[in-house]
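A short worksheet on the structure shown next.
Side-chain atoms are counted along with the backbone in the values below, which use heavy atoms only and exclude waters and symmetry mates. The structure presented is a predicted model; accordingly, all values stated were derived computationally and were not measured. Note that ligands are numbered from 1 as they come in the structure, with each ligand's atoms numbered from 1 the same way.
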Amino acid sequence: MKSYTKLLSIGFTLLLFVGCKTLPATPTGLVTEKAMVVSAREEASSIGSEILKKGGNAFDAMVATEMALVVAYPFAGNLGGGGFMVYRKADGTTGALDYREKAPLSATKDMYLDSLGNVIPNMSTVGATAVGVPGTVAGMIAVHEKFGKLSLKEILSPVIALAQDGIVVTEKQAERFKAYRDEILAVNGGATTFPIDAEPGDILKYSVLAKTLQRISDKGRDGFYKGETAKILSAFIQQNGGFVTEKDLEKYQAKWRTPVAFAYKDLRIISMSPPSSGGITLNQIFRMMEPYKVSKYGHNSEKEIQLFTEAARRAYADRNYYLGDPDFVTIPKEVLLSDVYLKKRMESFSFKKATKSSAIQEGNVQMAESMETTHYSIVDNEGNAVSVTTTLNGAYGSKLYSDELGFFLNNEMDDFSAKAGVPNMFGLIGAEANSIAPEKRMLSSMTPTLVEKDGKLWMVVGTPGGSTIITAVAQTILNAYEFDMSMQKAVDAPRFHHQWLPDVVMFEPLGFSDKLKDDLKSKGYNINEDRTPIIGKVNAIRVLPNGHLEGGADRRGDDTAVGF
Ligand code: DON
């Protein structure tokens, strides 16, 4: 009898704990004591982790990981693209870096329209005409100058060695080569030195890329934006009909920005500010959901999906209309994020039936299966954290590959709104705020994010996925916070997405029953019937109560957590 009472009291205590959500989920991902890097490839995570072991900090590891991804993950890892980083130092200070591409000096608002004012197919997505001025190298150098501990040479030497010694092709990588083979060949005049026919297990060496990296190691920023690389690069882009000049390269600057920070219940979420829409849209979604008892509804339950969808619908409508490069447009941020405004936005929400997105013509939108960007998360042994999302935009960007320099160029110009009301490759419908202008940065959805709980670092998170990035990041945070999942489970859990237009809730293949979908349909939700895409490829780190780290490396890719 005694032991029965004891058991009961243990049970009650446990229930109490679970009820108060003070009992954190048991980790199921890699757990390390001190430091961790989670990225799209094991080679890149290992190089980042080695830099941390050598005494480098999270910022040194960022530069190493980002550059290693150029070698190991050319699908999205890049010298010819751009990205965003949000950091939180061990002392709690936060900041953000914008190394997003820019429109070339010669760009004009109508540059992708024909004489009748129609968008010219493929011009902003394929080949040299799609290329924006790359920002990645400027970003890496800016981070290193401000926060680096090790020398650039020390950081880049393992990366250059990786390019010289080669990487082993994975099954998934070989599949991607095959999938994009014909497009890459077509853009590059029928021939390329990019090893497009490689099979799983092959070792790929990138000696030309190693030389390009060496010039960055020797000369820093000038090793890319001036001199040999700049000359070859600008000539190559222009010979292929593109707009980026030597002057564009020389003028490019990465910019330090103030991140968007907001409270959700007892969390503080810190995310990317414009020219990314990530932070503001995430802020709106969370604050619209905050008054509701989300954890009670259950993970991916009908009610949670409805609430999330309706918040996302409203937030994306604002995103598409109001957001753009803050250096060019005034964003009514205070209003968009105010309690009064967000409360009013949700007044029309009811669990009884779907709100309809406005009747703007949806057009023939192909929702790309988009995992082409890449995200990595790092925590170092001092407690500094960086959250970085970097991209060429599409898979292998514009598909234009410089044989002389050994890297792909972005097709980021497509993230502008080529014409108001016409959707881009992610089905996002833009407005004047995101129209093209010389030296303007195109609006992004990249959402590198950090989360604090009780004033301490709790999570580092981000993902690729084009327009689905914001919802995938939001759901990962909700999974861990509201539904008590381990980091790995929160990352792996099936996701859904809504972005206002097209007015469709997209579900990943597994984890959503027909009954659930039918119930949603009966309430007026449109569901993706024909294709079920993969939504995002999240790489995250959670700080456990004892200070150890749990990695969440997405099962959807080759993503790997490495640390010590
Ligand atoms: O900045 C953006 O929002 C896009 N260029 C991101 C592209 C992307 O995530 C592609 N695929 N996952």
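Tested against H497 for a ring-ring contact (aromatic ring centres under 6.0 Å, His included), the candidates F507, Y316, F308 yield a single pass: Y316.
Annotation: side chain of Y112 is not in contact with side chain of I120 (no heavy-atom distance under 4.5 Å).
The option with the heavy atom closest to atom 5 (N) of ligand 1, from among T374, D415, D414, is D415. Of the candidates M442, H375, E372, it is E372 that places a heavy atom closest to atom 12 (N) of ligand 1. Nearest residue to atom 9 (O) of ligand 1 from T463, L428, T373 is T373 (criterion: closest heavy atom).
Distances between N or O atoms of T391 and those of ligand 1 include no value under 3.5 Å. Distances between N or O atoms of L443 and those of ligand 1 include no value under 3.5 Å. At under 3.5 Å, not a single nitrogen or oxygen of P464, backbone or side chain, sits near a nitrogen or oxygen of ligand 1.
Checking side-chain atoms of N320 against main-chain N and O of L428 turns up no donor-acceptor pair under 3.5 Å.
Counted within 6.0 Å of CD on E171, heavy atoms from surrounding residues, nucleotides or ligands total 12 or fewer; the atom is thus considered open.
Remark: ligand 1 atoms within the under-4.0 Å shell around heavy atoms of G465 are 9 (O), 11 (N), 12 (N). Every atom of ligand 1 with a heavy atom of I469 under 4.0 Å away is listed here by number and element: 9 (O). Within ligand 1, counting atoms from 1 as listed, the ones closer than 4.0 Å to a heavy atom of M446 are 1 (O), 3 (O).
Here K102 does not pair with D327 in a salt bridge; the nearest charged N to carboxylate O distance is not below 4.0 Å. D325 and R100 are not joined by a salt bridge, as no carboxylate oxygen comes within less than 4.0 angstrom of a charged side-chain nitrogen. Electrostatic pairing of E250 and K247 does not count as a salt bridge here, judged by no charged N lying under 4.0 Å from a carboxylate O.
The parts of N393 lying near ligand 1 are both backbone and side chain, judged by heavy-atom distances below 4.0 Å.
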Going through the distances and angles, do Y396 and F75 end up as a ring-ring contact (aromatic ring centres under 6.0 Å, His included)? CA-CA 5 Å; Y396 308 103; F75 189 62; 5.3 Å; yes
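Ligand 1 lies within reach of R100, whose nearest heavy atom is under 4.0 Å from it.
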